[in-house]
Structure formats: C-alpha cells, structure tokens
Novice: 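My structure is below; once you've seen it, I'll send some questions.
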Number of protein chains: 2
Amino acid sequence: MTIDAIARTRRFHRAVTSEVGALDSSFLGRGRPLGPARVLHAIGNGVSDVAEIRAHLKLDSGLMSRLLRGLEDEGLVTVTASENDARRRSAALTPAGEVEFAEYEALSDQQAGAILSRHPHPEALLQAMDLVATALGFDRTAIQRVPPSDPRAQQCLATYYGELAHRFSGGFDVNLSADPEARDMEPPRGAFLLAVLDGMAIGCAGLKGTDKGYAEVKRVWVAPSARRMGLAGLLMRAIEDEARGLGIGTLRLDTNSALPEAVRFYRKSGWTEIPRFNDDPYPDVFFEKHL
Amino acid sequence: MTIDAIARTRRFHRAVTSEVGALDSSFLGRGRPLGPARVLHAIGNGVSDVAEIRAHLKLDSGLMSRLLRGLEDEGLVTVTASENDARRRSAALTPAGEVEFAEYEALSDQQAGAILSRHPHPEALLQAMDLVATALGFDRTAIQRVPPSDPRAQQCLATYYGELAHRFSGGFDVNLSADPEARDMEPPRGAFLLAVLDGMAIGCAGLKGTDKGYAEVKRVWVAPSARRMGLAGLLMRAIEDEARGLGIGTLRLDTNSALPEAVRFYRKSGWTEIPRFNDDPYPDVFFEKHL
DNA sequence: GATGGTGTCTGACAAAAGTCAGTAAAATAA
DNA sequence: TTATTTTACTGACTTTTGTCAGACACCATC
C-alpha cells in the first residue's frame with residue numbers, strides 16, 4: 001500500500017469525522033443527550049426489540065434500561081413485554097415520540113440535503129458516497145427474501161432495465177421480454193432476493209418457478225458501487241439454497257453476450273452452456289445447472 | 001432534491017458513522033480516554049498553541065487544562081510559555097510523547113490500509129473518498145503560500161504534468177516548456193500558492209516574476225475531486241492579491257485550446273486574449289489582465 | 001417441579017466529559 | 001501609571017456514560 005493511498009484514506013477519515021461530529025452535535029440541539037437520541041432513533045427506525053437495540057448500539061443492559069426509562073418518563077416511548085417471550089421487551093413510540101422522531105429525521109434530511117445542494121455535480125457525489133459506503137460496510141450485507149412488489153425490489157429492477165437498455169445495441173423493452181409474473185417469483189413457486197446494506201438494496205436475484213421441470217434464474221443485478229466484491233456469488237448461492245428448499249433440482253438462465261462479465265461469471269461458477277430454450281428476443285447465451 | 005438522493009446520503013452517513021466509531025474505539029485500545037488521545041494527536045500534528053488546540057477540538061479551557069496536566073504527568077508532553085506572548089502557552093511532545101504519538105499514527109495507518117486492501121479496486125475507492133472529502137469540507141479550504149520546492153507543491157505539479165501529457169495530443173515534456181526557475185516563484189519576485197483541505201493539497205497556482213514589466217501566472221491546477229467548485233477562482237483571486245502585494249500591475253498567462261475549460265474560465269474572469277508573447281511550444285492561447 | 005440459562009431491571013459506583021465562577025499573570029489601552 | 005482585556009489555570013460542581021453484582025421473572029429441559 002503506498003503512503004499516498006494511506007494519506008488519502010486518512011484524510012477522508014478526518015473530513016468525515018468532523019462532518020459526523022457536526023451531525024451529532026446538531027442532534028444535541030433538541031436538548032437531549034446523544035444516548036437517548038440514539039435509542040429514540042433506533043426505535044423510530046423499527047428496531048423495537050430491546051435486546052436488538054442493545055446489540056445495535058452496543059449498550060450495557062443497565063444503561064439501556066435507564067435510557068428507556070428516561071424516554072418513558074418523557075412520554076416518548078412505551079415498553080411492553082414481548083408476545084412470544086415475556087422476558088424480552090419491546091419498545092414503541094407514543095404519538096409524542098413519533099413527533100420527536102420526525103424532528104430528528106427532518107434534521108438529518110436537512111443535513112443531507114445541505115451537503116448535496118452545495119455540490120456542483122450531486123450525482124457524481126452520490127455515486128462516490130455509494131461506493132465508499134459499500135466498501136466500508138460490505139461485510140454487513142444481508143440477503144433477504146422479499147416479494148417482487150417490494151419498492152426496493154422495483155427500484156433495483158428499474159435500474160437493471162435501464163442498464164440493459166443502455167448496453168444492448170437495440171435498447172431493451174421489458175414488455176417484449178418474458179416478464180415473470182410476480183407470483184412465479186414468490187413461494188411456493190419461486191423467490192426474489194435482495195442484498196441489503198445499511199438499509200439500501202445493492203443487488204437482487206429472482207428465482208422463477210415454471211411447470212417445465214426446471215426453475216429459471218432471472219434479474220441478477222449488482223449495483224455499480226458493489227461490483228467486483230463477490231456479491232453476485234453471494235446472491236447465486238442464496239438463490240440455489242432457495243431452490244433446494246423448494247425441492248427444485250435443475251436451474252436454467254439466459255443472458256446476453258453484450259454482458260461479458262455475466263457470461264464469464266456463470267461459466268466460472270458451475271453452469272454449463274446449453275442450446276436456446278426459449279424464444280425471448282433478448283438473450284443469446286443459455287445456461288443450466290443441476291443442484 | 002429527490003428523496004432517493006437524501007436516502008443515499010443518509011445511508012452514506014450511517015455507514016461512515018459506524019466506521020468512525022470503530023476507529024475511535026481503536027484509539028481507546030492504548031488505555032487512554034478519547035480526550036487526552038485527541039489532544040496528543042493534535043500536538044503531534046503540529047498544533048502546538050494551547051488556544052489553537054482548544055479551538056480545534058472545541059474544548060472548554062478548564063477541561064483543556066486538565067487534559068494537558070494529565071499528559072504532562074504521563075511524561076508525554078511539556079507545556080511552556082509562548083515566546084512573544086507569555087500568557088499563551090505552547091505544548092510539545094517529549095521523546096516518550098513522540099513514541100506514543102507514533103503508535104497512534106501506526107494504528108490509524110493500519111486502519112486505513114485495511115479498508116483499502118480489502119477492496120477490489122482501491123484507486124476507484126480513493127477517488128471516491130477524495131471526492132466526498134472535498135465535498136464535505138470545501139468551506140475549510142485554506143490558500144497558503146509555500147516555496148515551490150514544498151513536497152505537496154511538487155506532487156501537485158507532477159499530477160499536473162501527467163494530466164497535460166494525457167490531454168495534449170503530442171504529450172507533454174516539462175523540459176521543453178519554459179520551466180520557471182524556483183526563485184522566480186518565490187518572494188520577492190513571485191509566489192506559489194497551494195489550496196489545502198484537511199491537510200491535502202487540492203490545487204495550486206504560481207506567480208512567476210519576470211523583468212519584462214509583467215508577471216506570469218503559471219501552473220494553475222485543481223485536483224479532479226475539487227473541480228467545478230470554484231476553487232480556480234479562489235486561487236486566481238489569491239494570486240492577484242499576491243501580485244498587488246508585490247507591486248505588479250500586469251499579469252499574463254498562456255494556455256492551450258486542448259484545455260477548453262481553462263480557456264473558458266479565463267475569458268469569464270476578466271482576462272483579455274492577446275497575441276503570442278513567448279516561444280513555448282505548448283501554449284496556443286494567450287491572455288493578459290491589468291490589476 | 002426442580003434446574004439452569006436468559007433478558008431486563010435496580011442499586012451502587014466510577015470514569016469521562018462538560019460547566020462555571022473566580023484567580024493570577026501578562027498584555028494592551030486609557 | 002492605572003484600568004481593562006486576554007489567556008490559562010484551579011476548584012467545585014453536574015451531567016453523561018460505562019460497569020458490575022445481584023434480584024427477579026420467565027423460558028426450556030429434564
């Protein structure tokens with residue numbers, strides 16, 4: 001590693017640390033110390049289980065308890081016993097808590113907007129931020145099954161289609177392609193998987209059930225900021241696990257030679273090329289894999 | 001500002017906050033709380049004046065005093081009265097302090113190296129980090145006069161020459177160009193300015209004194225991560241101030257039509273095009289400005 | 001239904017960080 | 001010169017955060 005690279009990384013760190021400090025101190029502007037503010041924030045974001053909050057914020061159980069008591073006393077939070085395990089407790093915002101949470105959200109949005117709006121080329125900045133965020137947290141990536149109608153899934157697909165339109169010489173119109181019906185990509189016929197990192201979808205993959213003795217792998221996409229990190233491999237392994245769980249023994253997929261990195265990837269990971277098996281106008285390369 | 005852009009920015013913030021937390025806790029690994037560690041770090045980085053440290057770390061004067069006393073008791077720091085103002089005090093590392101500081105530096109370097117080395121495409125990551133760091137801190141940019149021999153200046157120039165070689169169809173060899181002698185760009189004949197942000201040079205500009213009744217502006221360069229932010233304007237205003245300070249009334253510069261953004265910039269900012277005034281092989285556009 | 005383990009809470013501390021009024025010494029202004 | 005301001009220091013706080021040993025209720029298991 002060159003000295004210059006280290007220096008640049010550390011400079012990034014300095015810059016970002018002071019920025020983070022500024023955000024944190026803006027959180028203090030609402031007259032509440034950082035501890036309770038962070039807990040309120042976590043609860044507002046749907047982390048309701050007390051143990052989960054504790055793990056998330058790395059808090060001692062005693063401290064956690066007191067912070068929750070404080071928020072209860074303020075009338076922002078109610079804590080009730082969990083349904084299936086009465087030892088565990090679950091926190092929820094009161095209406096007043098919702099209001100207070102919204103104020104913090106507005107502060108954060110404002111801060112984020114300020115950074116973006118004073119930049120001459122926001123999209124470049126956003127792409128850089130995506131790349132950095134993905135690089136820093138990649139190990140925390142979680143693969144989760146969602147319905148294809150999930151808004152994050154839809155967003156991935158829209159980006160995917162946009163990219164295909166850009167890379168295929170004749171463009172790409174999803175309506176001309178064999179668009180899987182949503183329920184073919186939901187249990188019990190199939191599945192749709194999202195790779196999520198820090199709350200943002202950075203990749204997806206679909207498993208489409210058919211009645212022809214095999215299932216198809218569709219819509220494998222990795223966000224530009226996460227490429228070459230091995231995410232496609234993670235997604236494909238997860239898709240194969242899903243298939244096995246559904247009792248599917250054979251997988252097929254189609255792709256296009258205009259996407260050489262995809263073709264290379266499938267060749268490398270145990271897929272064998274087979275003759276055309278559908279009449280979709282876009283693909284020109286076809287693969288099969290037995291589980 | 002679209003919702004998605006805000007969400008992406010906030011996601012970046014989340015990712016980076018947890019990373020920064022990890023660095024901070026690695027600082028705790030040396031058995032010293034964050035407060036003293038930060039003060040030691042500041043002193044090691046050349047912020048010796050007590051008032052300056054206080055401003056930099058936003059510490060109360062009482063707290064500052066106690067932190068310094070603690071570091072003195074540990075034998076890491078000596079605090080002496082300032083030379084020109086005996087009320088002010090100035091801190092310096094003892095040999096033991098130097099050693100301890102080096103340990104923190106090594107920790108930071110290690111952390112930075114770890115981030116880079118686990119990434120498949122470090123240069124892209126570095127560029128993204130530069131862009132983000134510059135965007136976040138741009139307002140803190142400081143313009144400072146340095147000798148052209150300053151290593152940061154040399155690094156800017158090397159990058160500048162590399163870029164010219166890349167953009168001129170016939171390449172660029174600085175030895176064929178009229179390379180200003182160093183002392184022509186130092187007071188009292190001229191000046192060399194550096195734009196520094198978070199310790200990193202992100203731009204430069206030179207003022208080269210001549211005996212021909214005018215001075216030349218040379219080597220105006222802005223780092224890719226800082227372009228379109230108005231830094232060239234800042235640098236040029238500073239160069240003009242330098243020229244005025246040296247009693248120079250007329251400025252000239254040459255550039256090349258292969259750098260249209262530069263030509264556009266000079267046209268926009270009060271320079272008038274004039275006929276060729278030198279026999280340098282590279283430039284083909286010439287400007288003059290009266291102060 | 002006894003046993004051991006888990007999740008939360010409380011009390012009792014301790015460390016770290018932050019606050020503030022007052023003091024002393026030096027610099028600056030009147 | 002004297003008065004005022006500036007800079008750092010000290011003492012006496014408070015708040016925030018972190019730690020730890022029980023206590024208690026609950027769950028799972030034999």
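In what follows, chains carry the letters A, B, and so on, assigned in the order in which the sequence lines appear, proteins first and then strands, with residues in each chain numbered from 1. Treat the numbers as computed from the prediction; the structure is a model and nothing was measured.
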Novice: Step by step, would you call Arg14(A) with Thr17(A) a side chain to side chain contact (heavy atoms under 4.5 Å, CB included)?
Specialist: CA-CA 5 Å; Arg14(A) 270 196 301 281; Thr17(A) 302; 5.7 Å; no

Novice: Measure CG/Leu59(B) against C1'/dC9(D) and give the value in whole Å, please.
Specialist: 15 Å

Novice: Less than 4.5 Å apart, side chain to side chain, heavy atoms only: is that true for Val16(A) and Met129(B)?
Specialist: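 No; the side chains remain at least 4.5 Å from each other.
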
Novice: Rounded to whole Å, how long is the line connecting atom CZ of Arg88(A) with atom C1' of dC24(D)?
Specialist: 18 Å

Novice: Considering residues at least two apart in sequence or located in another chain, which fulfil the salt bridge (Lys or Arg N to Asp or Glu O under 4.0 Å) criterion with Arg237(B)?
Specialist: none

Novice: Quick one: side chain to side chain donor-acceptor pair (under 3.5 Å) partners of Arg10(A), sequence neighbours excluded?
Specialist: Glu105(B), Asp109(B)

Novice: I need a per-nucleotide contact map over nucleotides 25-30 of chain D, read 5' to 3'. Cutoff is protein heavy atoms under 4.0 Å; write B for the base, S for backbone only, - otherwise.
Specialist: -BS---

Novice: If you count heavy atoms of other groups shown closer than 6.0 angstrom to NE2 of His41(B), is the number above 12?
Specialist: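 Yes, NE2 of His41(B) has more than 12 neighbouring heavy atoms, counting only those of other groups under 6.0 Å.
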
Novice: Quick check on DNA chain D: between Gly62(B) and Asp60(A), whose nearest nucleotide comes earlier from the 5' end?
Specialist: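 Looking at the nearest nucleotide for each, Gly62(B) comes out on the 5' side.
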
Novice: What string of B, S and - do you get for nucleotides 12-17 of chain D, 5' to 3', when a contact is any protein heavy atom under 4.0 Å?
Specialist: B---SS

Novice: Reading DNA chain C 5' to 3', which nucleotide is the first, and which the last, to come under 4.0 Å of any heavy atom in chain B?
Specialist: dA16(C) to dA27(C)

Novice: Start with the C-alpha gap between Arg32(B) and Tyr104(B), add the side-chain angles, then the distance that decides, and say whether side chain to side chain donor-acceptor pair (under 3.5 Å) holds.
Specialist: CA-CA 11 Å; Arg32(B) 191 173 291 108; Tyr104(B) 280 108; 2.9 Å; yes

Novice: By salt bridge (Lys or Arg N to Asp or Glu O under 4.0 Å), which residues pair with Arg89(B), not counting sequence neighbours?
Specialist: none

Novice: Could you tell me if the side chain of Thr94(A) sits less than 4.5 Å from the side chain of Val77(A), heavy atoms only?
Specialist: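 The answer is no, as the side chains (C-beta and beyond) never meet within the 4.5 Å cut-off.
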
Novice: Assess the side chains of Arg8(B) and Ser225(A): does a donor N or O sit below 3.5 Å from an acceptor N or O?
Specialist: no

Novice: Among Val132(B), Asp130(B), Thr134(B), Leu136(B), find the one that has a side-chain contact (heavy atoms from CB on, under 4.5 Å) with Phe12(A).
Specialist: Val132(B)

